[in-house]
Amino acid sequence: MEGPSSSSVPTASDAPSKYLLPSDSDDGIATSSAANVGARSHVANKEPMEKEKQQSPMVLNVDPDYDYDEEDGGSCEEDQRGTPAPISREIVDGAIARRSRDRQISPGVKMSIGNYDDMEDDDEEVETPEEQKQRFLASMKRIRKQPQEAFDPPEDTEAMREFINRQVNDAMMFNRDNHIDYSPINKPKEAKIIEGYLWGGIIGTGSYGKVKEVIDIYTITRRAAKIMKYEKLRKIPNGWDNIRSEMSILRRLNHRNIVKLIEVFNLPEKGKVYMIFEYCIGSVQNLIDMEPAHRLSIGESHAIFLELCHGLNYLHSKRVSHKDIKPGNLLLSIDMTVKICDFGVAEQICLFQSDGRCTKVNGTPKFQPPECVYGNHEYFDGYKVDMWSAGVTLYNMVSGKYPFEQQVLLRLYESIGTNPVEMPTNVELSRDLQDIIQRLLDKDFTTRPNISDVMQHPWFQTGFPEDQGLGRIMERMRTGDRPFTMYPSLQAMYDGAGSEVILDEDGNELILPPPDLVKRGTLSLSSFPGFRTLEKRPGDGPSPSSDSGVVAEPDSSGDPLRRPSSRSMPTSAPPRPPSQAVKVVEAVAAPEAVVEAPEVQEEAPQEAPAPRRRGKRSLFSCIFRSRTDSS
Ligand SMILES: Nc1ncnc2c1ncn2[C@@H]1O[C@H](COP(=O)(O)OP(=O)(O)OP(=O)(O)O)[C@@H](O)[C@H]1O
C-alpha cells in the first residue's frame with residue numbers, strides 16, 4: 001500500500017469536525033492542511049506543524065486511505081525527527097475495519113486507541129479472572145526472582161572516602177580544580193548566643209510564638225525565652241496591645257506563684273520581641289496528659305490548687321485579673337512550685353474602682369464563666385472570672401473532665417449559661433471537695449466566693465500527706481521524659497576539636513573544654529563569664545578557684561561580675577568572639593528598664609553610646625509608656 005504524498009494529504013475540511021476547535025481561523029486551517037501529519041515519516045513540514053500545534057492543538061489531519069498498519073502495525077510512535085504521529089478515531093476505526101476484514105474479526109470488536117497489541121492476541125482464549133490472577137502472580141514471582149546485583153555499600157571509613165575521592169577526581173567526572181566536600185550534609189548546628197543567652201530547643205508553643213530554652217551565660221541559669229514575631233503580633237487581633245499589657249503587668253509582680261519575667265528585648269533586624277522568663281519544667285496540663293486516666297490524684301490536685309490560690313490571692317491584691325486560668329497556664333518549676341503564666345489577656349483593674357469590674361472578655365471558652373459567654377450580664381467582675389476558672393481547673397484536675405463540654409462553641413456557651421453543674425461520675429469526691437467546686441462554679445458571680453472565701457473553705461484547709469501531694473508530683477516529673485534541649489548547643493560549644501577526652505573512675509568519658517577556653521591556666525571569661533560570677537561574688541574573699549590554680553581574668557569592663565544587661569547597657573553582647581552574636585547584639589535594642597532582674601545588682605556603665613541608646617529606647621519606651629499611661 002502506498003503511503004500518502006503531500007498531495008493526498010487531506011485538508012482540515014476533510015478532518016472530522018469534532019476535532020476542530022470552533023475558534024480555528026482559516027489561517028490555522030490552511031497551515032494545518034499544508035502539514036502532512038499522517039503516521040510516522042509522513043510529516044511533510046515540521047515548521048508549519050509546530051505553528052499548527054500552537055494555534056490549534058486539537059486539529060488532527062489524517063489520510064484515511066493510508067495504511068497505518070503497514071510494517072509497524074500502526075503503532076503510535078514518534079517519527080524519526082521526534083515528532084509524535086497524530087492519530088484520530090478515524091484512523092483507528094479504519095484500521096479496525098481493515099484488520100477485521102483481513103482476519104475475519106467481527107467489526108463489533110472494541111478496541112482502544114493505541115492498544116494495537118490487543119489485535120495480536122485476539123485468537124487466544126479469553127482468560128478467566130482466576131487465570132488472570134495466576135498469570136499476575138507468576139509474573140510477580142518472575143520479577144522478584146530477577147537477579148539483583150549485589151551492592152554492599154563500602155564502609156564509611158576515612159580510607160574509603162579518600163579512595164572514592166580519588167576515583168571521582170581521576171575519572172575527571174568533576175573539574176579537578178573544584179574541591180569536593182564529602183563532609184556530612186547535616187552539619188551540627190552552631191551554638192548561638194544572643195543578648196547573653198545561649199539558645200536551646202523549643203519547649204513550648206503558644207498562639208503568640210515559640211518558647212525556647214536558653215541559658216544565661218552570665219549566671220549559668222536556665223531560662224525560657226518567649227519569641228514573638230512583629231509580623232505575627234500585627235496579625236493577631238490586639239496582638240501588640242496584649243504583649244504590652246503582659247509586660248506591663250508582669251514587671252510589677254513578684255511572687256513565688258507567678259512566673260518571673262526576667263527581661264525583655266527586641267531585635268529589629270530579626271523582627272522579633274523576646275521575653276525571658278524563669279525556667280519551668282512543665283505545666284499542670286503536661287502532668288494531666290502524662291497520666292493514663294488523664295487526671296491527678298486528689299492529693300496532687302489539692303497541692304496545686306493551694307498554690308494556685310496563693311498566686312491568685314497575690315494577683316487580686318495587686319488588682320490584676322488573669323482571666324485565663326487553666327492547667328496549661330500553670331507551670332511547675334524545678335522545685336515543684338506552681339507558677340501562673342501567660343498574662344496575655346490579664347487586666348489591670350483601675351485603682352479607683354471599688355470592684356473588679358472588667359471590660360474585655362477574653363480567655364479559653366471551656367474555662368469561661370456564664371457572665372462572659374452567655375450575654376445576660378451588663379458587666380462582669382474579673383476576680384470572679386478567675387474564681388470560676390479555678391473551679392473548672394480543679395474539676396478538670398480531679399476528674400480529667402470539664403463541667404461543660406460541647407463540640408460546637410455556641411452550644412458550649414449555652415451549656416455554661418444554663419445547664420446545672422454536675423459532679424464527675426468517674427471519681428468519688430469528698431463532700432468538702434464537691435462543695436468547693438459547686439461554690440466556685442456558681443453561675444451568679446455576685447454570690448460566687450472570692451479568693452479569701454475559698455482560702456477559708458474546709459477543703460482548702462485540709463492537710464494531705466506530703467507524699468500524696470507535690471512530693472508525688474516531684475517524683476514523677478523528675479523521672480519523666482524531660483529532654484534537655486540545650487545539649488546540642490553545649491555540644492557544639494564544647495565538643496569541638498581539641499577537646500581532651502579523659503575517662504573518669506567508672507570509665508565514662510569526660511570532655512574537657514577546648515584549650516581556647518582555658519588560657520594559661522586561666523578560665524577565660526570571654527567564653528563563659530558566668531563561671532566567674534559563680535566563683536566569686538563581691539566580698540566573698542579569695543576565690544575558691546584561685547586555690548585550685550584557676551584564676552578568672554578580669555573582663556574589659558573591669559568588673560567581671562557584672563552582667564551587661566540589655567536594659568542597662570546597649571552593647572550588651574557578652575565579650576566573646578562569634579561574629580554572629582556580635583552582629584546581632586549590635587543591632588539589639590536596649591529597652592528602658594522593663595523589669596527589675598533580681599540578679600542584676602550593678603548600675604549601667606557610664607560609657608554607653610548615646611545615639612544607639614536613644615534609638616533602642618524608643619520602641620520599648622513606646623510600649624511601656626502607652627501601657628503605663630493607660631493603667
Ligand atoms: N517559663 C516557662 N518555662 C517553661 N516552659 C514555658 C514557660 N513559659 C511558657 N512555657 C511553655 O510554652 C507554652 C506557651 O507559652 P505561653 O502560654 O506563655 O504562650 P502563649 O503564646 O501566650 O500561649 P497561649 O496560646 O496560651 O496564649 C506553655 O504552654 C509552656 O508549655
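Since this is a predicted model, take the numbers as computed values, not measurements. Counting starts at 1 for both ligands and their atoms, in listed order. FYI, side chains are in, hydrogens and waters are out, and symmetry mates aren't considered; it's all heavy atoms of this structure.
Close approach of ligand 1 to Ile203 is summarised as follows: ligand atoms under 4.0 Å from at least one heavy atom of the residue are 4 (C), 5 (N). Every atom of ligand 1 with a heavy atom of Val211 under 4.0 Å away is listed here by number and element: 6 (C), 9 (C), 10 (N), 12 (O), 14 (C), 15 (O). Remark: ligand 1 atoms within the under-4.0 Å shell around heavy atoms of Phe277 are 1 (N).
Looking at Lys226 next to ligand 1, an N or O pair under 3.5 Å apart turns up. Polar contact with ligand 1: present for Tyr208 (N/O pair, distance under 3.5 Å). Ligand 1 has no nitrogen or oxygen under 3.5 angstrom from a nitrogen or oxygen of Lys326. Checking only distances, Asp342 does come within under 3.5 Å of ligand 1, N or O to N or O. Ligand 1 has no N or O atom lying under 3.5 Å from any N or O atom of Val259, backbone or side chain.
If you look at Asn329 next to ligand 1, the close heavy atoms, those under 4.0 Å, all belong to the side chain. With a 4.0 Å cut-off on non-hydrogen atoms, Gln285 does not touch ligand 1 at all. Of the heavy atoms in Ser207, both backbone and side-chain atoms come closer than 4.0 Å to ligand 1.
The nearest heavy-atom contact from the protein to atom 1 (N) of ligand 1 is Glu278 O, 2.8 Å. Counting protein heavy atoms only, atom 7 (C) of ligand 1 is closest to Leu331 CD1, 3.4 Å. For atom 2 (C) of ligand 1, the closest non-hydrogen atom of the protein is Ala224 CB, 3.3 Å. For atom 3 (N) of ligand 1, the nearest protein heavy atom (residue, atom name, distance) is Cys280 N, 3.0 Å.
Of the listed residues (Glu246, Arg252, Arg251), just one forms a side-chain hydrogen bond (donor to acceptor under 3.5 Å, both in side chains) with Ser248, and that residue is Arg252.
Between Phe367 and Trp388, the distance from one ring center to the other does not fall under 6.0 angstrom.
Asp324 and Ser389 share no side-chain donor-acceptor pair at under 3.5 Å. Side chains of Asn450 and Lys384: no donor on one and acceptor on the other come within 3.5 Å. Side-chain contact check for Tyr208 and Asp342: no donor-acceptor pair (N or O, by modelled atom type) lies under 3.5 Å.
Protein heavy atoms are absent from the 4.0 Å sphere centred on atom 28 (C) of ligand 1.
A heavy-atom separation below 4.0 Å is found between Thr205 and ligand 1.
Checked by atom type and distance alone, the side chain of His316 never pairs as donor or acceptor with a backbone atom of Gly382 at under 3.5 Å.
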